Structures are given as structure tokens and as C-alpha cells.
Number of protein chains: 2
Amino acid sequence: MARDEALSRKRIVEAAIVLLDDEGEDGLTFRALAKRLATGAGAIYWHIANKTELLVAASDVIVQRTLGEVRPHAKPHEAIRKIAAGVFEAVDAHPWVGAQLSRTPWHTATLQIFERIGQQLQALGARRGFTSATTLVSYIVGVSVQNAAQGRDALSDRAGFLATEAARWKQLDAAAYPFTRSVATQLRRHDDRAEFLAGIDLILAGVTA
Amino acid sequence: MARDEALSRKRIVEAAIVLLDDEGEDGLTFRALAKRLATGAGAIYWHIANKTELLVAASDVIVQRTLGEVRPHAKPHEAIRKIAAGVFEAVDAHPWVGAQLSRTPWHTATLQIFERIGQQLQALGARRGFTSATTLVSYIVGVSVQNAAQGRDALSDRAGFLATEAARWKQLDAAAYPFTRSVATQLRRHDDRAEFLAGIDLILAGVTA
DNA sequence: ACCTGAACACCGTTCAAGT
DNA sequence: ACCTGAACACCGTTCAAGT
């Protein structure tokens with residue numbers, strides 16, 4: 001639709017998002033994007049400086065949209081969990097956003113997450129707001145990115161993947177990997193999203209300790 | 001030196017590390033690597049399947065070396081700080097390792113960090129060892145990656161960079177960014193490594209709460 | 001002002017041909 | 001068994017030429 005509209009930065013970024021979601025990060029090429037926009041590859045450069053800027057703009061759109069959809073919550077602790085879960089799910093749904101967030105930290109997208117978290121920490125009466133917010137944002141972005149990066153192997157058969165991994169952990173050298181072996185069973189039955197939120201609770205326990 | 005030795009997986013990986021450190025991640029090409037090894041690009045493929053495998057092998061070497069250099073410490077809390085600081089500094093010195101760690105989580109390198117942290121958590125008597133270890137490792141890897149990613153802008157003139165950033169934060173819209181504005185001063189005087197370790201302490205406070 | 005598309009300077013990877 | 005290097009199928013980006 002709207003294939004005959006004039007080219008614009010907005011249309012280009014939106015087409016890039018669709019392409020990234022459809023084909024993955026490798027699928028975004030100027031040639032493929034130009035084809036979808038029914039134009040030449042060079043035309044895009046009139047509106048966007050380069051591929052980096054395009055990726056930044058695309059992931060900013062996703063993060064902004066995501067945070068806009070996170071409803072406020074009266075309890076700060078619960079509000080922080082909702083923001084965290086929102087980012088986690090957004091990066092899970094758009095794995096290419098994860099790579100982008102870790103590549104350009106403290107730009108618009110991360111700063112918006114930082115602000116939202118910080119406001120809730122203030123409401124919580126946290127003493128060391130800066131350190132607490134930094135820790136939480138780093139954790140949220142870090143886990144989301146790592147989750148998205150491994151998602152591909154595991155997506156189709158998550159239970160099977162975890163079972164195989166757990167079996168591998170159990171066969172590790174007993175002298176070198178005692179801890180990993182001892183928690184292999186927990187790996188098999190764990191849920192990434194729940195584990196991520198448990199980490200949020202852990203950090204918040206430290207913040208309010 | 002040793003330029004006339006036979007090609008081997010080990011020599012290739014070591015040359016790749018030097019090249020990555022010298023020229024950055026973009027500097028690692030099979031052509032450049034072949035030139036340094038005084039051979040043809042195709043020769044490398046006899047020993048290494050592809051570029052991904054080469055990057056994984058190279059970052060495994062760095063992480064293994066790093067963890068080997070972290071001296072044990074009688075106090076678990078202090079030991080965890082030392083492991084964390086070791087990874088942080090290694091990724092800071094070899095930024096390309098960061099990208100690799102977040103790209104392939106739970107492979108050899110990350111698993112070794114997980115094991116080392118987990119052992120200390122057991123020594124600490126932490127109840128929920130799996131969740132605690134997962135949270136700490138995610139945080140350590142996440143922050144290290146994000147720190148390495150932004151390092152380039154900031155490396156030459158760290159104080160100036162932070163001052164500029166802090167000034168930018170203070171000029172943000174007051175209604176939309178109240179928290180960020182309120183901590184701008186702390187950004188200017190903060191130290192990345194100290195802040196990172198403060199986050200470790202925060203999480204450990206939650207673990208033992 | 002904006003678009004086109006060929007051209008440039010690269011990549012990772014393959015593979016026939018050598019030793 | 002191992003190495004060579006040209007060739008293939010791509011990239012991001014530029015730019016003269018068009019409208």
C-alpha cells in the first residue's frame with residue numbers, strides 16, 4: 001500500500017522495520033529496501049545518511065512505541081517490572097533492536113528507558129538513584145540482547161533445546177564445572193522471562209536493602 | 001616472527017586477535033589476515049570453517065586467559081568483584097570480545113564466567129544460586145559490552161565527553177526527563193568501572209538480603 | 001529538490017589447480 | 001594433506017545524469 005507516495009525518512013524507516021522483522025538483520029540491504037520502496041538504492045541516501053543511522057532510527061521507533069504502550073502502575077516496584085518486561089518482549093520480538101541497543105548505549109532509546117526506570121526509583125525512595133538506575137538499565141538491556149541473540153537456535157523447539165543444553169551441562173568435567181553441573185536441572189525447567197524478572201526483583205531487593 | 005611456520009588453527013586465531021586489537025572488528029578480513037600470515041585467503045578455510053568460528057575462538061582465548069589471571073580470594077564477595085572487574089577490563093581492552101559475548105551467549109566463554117561466579121555464590125551460601133548467577137553474569141556481560149561499545153567516542157577525552165553528555169542531559173525537556181536531568185551532575189563525575197562494581201554490590205546485597 | 005541506476009571499492013566464501 | 005589465488009556473489013556508498 002501507499003507504494004506511489006513520495007519517499008520520506010519516515011516511510012524508509014518503516015519499510016526498514018518490516019524488512020528487518022521479515023528477513024532479520026542480514027536481510028536489510030539498501031538494494032532490498034529500495035526494491036520494496038520501488039525506487040533505486042541511491043534514492044535512500046537523499047533522506048538517510050547511512051545504514052547506521054537507519055538502524056538507530058528504526059530501533060528508536062520500536063523502543064518509543066514499546067514504552068508508550070507500557071501502562072503506568074501505582075506501585076513503583078510493579079511499574080519497574082512492567083517496563084522491564086516491555087523492553088524484554090520488544091527485543092524478543094525484534095531481535096535486531098537488541099544488537100542496536102548494545103551498539104549505541106545512552107542514545108535516545110536507552111535514555112528513555114533510563115528515565116522511565118529512574119522516575120520509579122525516585123517514587124520508591126531509593127537513595128542511590130543514579131547507580132540503581134544505571135544497574136537496572138544495564139541489566140535490562142544486557143539480558144534482552146543476550147536473550148534475543150540466542151533466540152534463533154531455541155525458538156522452534158525451546159523445551160528440546162533446554163533439555164539438550166542441560167544434558168550437556170551435566171556431562172561437563174566435574175572438577176572444572178561443579179556449579180554448572182549442580183544447576184543443570186534448573187536450566188531445563190527455567191523460563192527466560194520469569195528468570196529475567198527474578199533478576200529485577202533481586203536488584204530491587206538490593207536497592208531497598 | 002615465526003612467519004615461516006606452518007599454518008595452524010592456533011596461529012590463525014592468534015593472528016586474528018592481534019589484527020582485531022590493532023584494527024578493530026572491521027579490520028578483521030580474510031584478506032588482511034592472510035597477508036599477515038603470508039598466505040592466501042583460502043588457506044585459512046582449511047583450518048577454520050568461517051568468520052563466525054574465528055571470532056568465537058578468538059574471544060574464547062581472551063576470556064580463558066582473563067579468568068586464568070584472576071587470583072582467587074578468600075572472601076566470596078571480593079572474589080566475585082575481582083572476576084567481574086577482570087571481565088570488564090578484558091572487554092574494555094578488547095572491545096570486539098564484547099560484541100562476541102553478546103552474540104553467542106552461553107557458549108564456552110560465558111559458561112566459564114558463570115561457573116566461576118556460581119562457585120563463589122555457593123561459598124557465600126546464596127540460596128537461589130541459579131537465579132543469582134544468571135543475574136550476575138547477564139549484568140557483567142551486559143555492562144562490559146555496552147561499555148566497550150561506547151568506548152570509542154569517549155576514549156580520547158573521557159572527561160570532556162562526560163561533561164558534554166551531562167550538559168546535554170541538563171538541556172533535556174524538563175517535563176519528559178525530570179530524572180535524567182536530576183542526575184546529570186552525577187554522570188559528569190562518575191567512573192564507569194566504579195559504577196559497574198557498585199552495581200555488583202547492589203546485586204549481591206539483593207542476593208544476601 | 002529529488003530520484004535513478006550504473007559504477008567503485010570492497011566483502012566472505014568457494015574451488016580448480018597446484019605442491 | 002595442505003596451500004594458492006582467481007572467481008563468484010554479494011555488500012554500502014557515491015555520483016553523473018536525469019526529472
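Protein chains get the first letters and strands the later ones, always in sequence-line order, with residue 1 at the start of each. Worth knowing before you read on, the calculation uses all heavy atoms, side chains too, and leaves out hydrogens, waters and symmetry mates. Since this is a predicted model, take the numbers as computed values, not measurements.
- If you take CG of B:Leu33 and C1' of C:dT13, they are 14 Å apart, rounded to a whole angstrom.
- For the residue pair B:Arg168 and B:Gln171, no side-chain donor N or O sits within less than 3.5 Å of a side-chain acceptor on the partner.
- One interatomic measurement links the two molecules: CZ of A:Arg31 to P of C:dA6, which rounds to 11 Å at whole-angstrom precision.
- When each of B:Thr131, B:Thr134, B:Thr135 is paired with A:Glu195, the side chain to side chain donor-acceptor pair (under 3.5 Å) condition holds for B:Thr131 and for no other.
- Two rings, from A:Trp169 and A:Phe179, have their centers 6.0 Å or more apart.
- As rounded to whole Å, 16 Å separates atom P of C:dC11 from atom NZ of A:Lys51.
- Nearest to the side chain of B:Leu7, among C:dC8, D:dC3, D:dC8, sits D:dC3.
- One can place CZ of B:Phe30 at 17 Å from C1' of D:dA6, the figure rounded to the nearest angstrom.
- Taking the charged nitrogens against the carboxylate oxygens, A:Glu69 and A:Lys82 have no contact shorter than 4.0 Å, which rules out a salt bridge.
- Here the side chains of B:Leu121 and B:Leu136 are in contact, with some heavy-atom distance below 4.5 Å.
- Pairs of Watson-Crick or G-U wobble type, with distances under 3.5 Å, assemble into runs of 3 or more in DNA chain D at these ranges: C:4-8 with D:12-16, C:12-16 with D:4-8.
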Quiz: residues 55-65 of chain A side-chain donor-acceptor pairs under 3.5 angstrom, not counting sequence neighbours:
| unit_1 | atom_1 | unit_2 | atom_2 | d |
| --- | --- | --- | --- | --- |
| A:Ser59 | OG | A:Leu55 | O | 3.2 |
| A:Ser59 | OG | A:Val56 | O | 3.2 |

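- Using a 30° and 60° split on the angle between ring planes, A:Phe114 and A:Phe130 fall in the perpendicular class, above 60°.
- With respect to B:Arg193 and B:Glu89, a salt bridge is recorded, a charged nitrogen being found less than 4.0 Å from a carboxylate O.
- Taking atom CG on A:Asn50 and atom P on C:dA9, their separation rounds to 20 Å, with Å as the unit.
- Protein atom CG of B:Leu19 is 15 Å distant from nucleotide atom C1' of C:dG12, rounded to whole Å.
- Backbone-only contact: A:Leu28 has heavy atoms under 4.0 Å from sugar-phosphate atoms and none from a base.
- We find that CZ of B:Arg9 is positioned 14 Å from P of D:dC2, with the value rounded to whole Å.
- Listed in residue order, the members of residues 41-48 of chain A having a heavy atom less than 4.0 Å from DNA chain D are A:Gly42, A:Tyr45.
- There is no side-chain donor-acceptor pair under 3.5 Å between A:Gln146 and A:Gln150.
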